[in-house]
Novice: 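Below: one structure in structure tokens.
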Amino acid sequence: MSYVTIVVAALLFLGVVTALIHFFSKGDEEPVAAPPSCATCNGNDSRCEQECMLEAAVKEIEYFDDEELDAFQGRPSDSYTDSEAELFSEVLYTMRPEEVAAWTRSLTLRGINVPNQLKDELFMLMEK
């Protein structure tokens with residue numbers, strides 16, 4: 001009977017030692033979060049948006065079947081007529097919500113201002 005008691009005590013002792021080693025080896029380390037990439041940039045982090053704009057500035061500009069909008073390069077956003085704003089609207093509503101931020105960056109890099117008539121809708125789609 002004493003051998004059984006010794007074996008049980010030894011197992012308990014090893015269990016406690018293992019638990020203590022595990023507890024103290026974790027320490028105060030926090031998991032390291034991967035920095036956000038431009039693929040995951042959602043507009044909430046202005047630093048991420050700035051870095052993505054810099055990254056996009058050295059890459060080839062991405063078009064979204066909207067080459068006709070290049071005619072509006074340099075136009076102030078408050079100078080569009082409703083029919084001109086409709087051209088932007090047609091492109092906006094044919095894309096997926098996750099493409100809206102990239103499209104906005106593309107327009108910015110091309111020097112095209114979004115018409116004021118669409119800005120509220122654009123921001124709502126970017127927040128989704």
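These numbers come from a predicted model, not from an experiment.
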Novice: Quick one: pull up CG in Leu107 and CG in Asp70 and give me the separation to the nearest 0.5 Å.
Specialist: 9.0 Å
Novice: If you count heavy atoms of other groups shown closer than 6.0 angstrom to CG of Asp78, is the number above 12?
Specialist: yes
Novice: For Tyr80, is there any backbone N or O sitting under 3.5 Å from a side-chain donor or acceptor partner on Gln117?
Specialist: yes
Novice: What residue among Leu122, Asn113, Ile112 forms side-chain contact (heavy atoms from CB on, under 4.5 Å) with Phe88?
Specialist: Ile112
Novice: Answer yes or no: is there a side-chain heavy-atom contact under 4.5 Å between Val114 and Ser77?
Specialist: no
Novice: Would you compute the distance between atom CH2 of Trp103 and atom CG of Asp65 and round it to the nearest 0.5 angstrom?
Specialist: 12.5 Å
Novice: Compare every heavy atom of Glu84 with every heavy atom of Ser79, then report the nearest pair and how far apart it is.
Specialist: O-OE1, 4.1 Å
Novice: Measure the CZ-CG distance between Arg96 and Leu125 for me, rounded to the nearest 0.5 Å.
Specialist: 13.5 Å
Novice: Please identify each residue that fulfils side-chain hydrogen bond (donor to acceptor under 3.5 Å, both in side chains) with Ser106, with sequence neighbours left out.
Specialist: Arg110
Novice: Please round to the nearest 0.5 Å and tell me the distance separating atom CG of Asp82 and atom CG of Leu87.
Specialist: 11.5 Å
Novice: So, taking the atom named OH in Tyr63 and the one named CG in Leu69, what distance separates them when rounded to the nearest 0.5 Å?
Specialist: 10.0 Å
Novice: Does Thr94 have any side chain to side chain contact (heavy atoms under 4.5 Å, CB included) partners at least two apart in sequence or in another chain, and if so, which?
Specialist: none
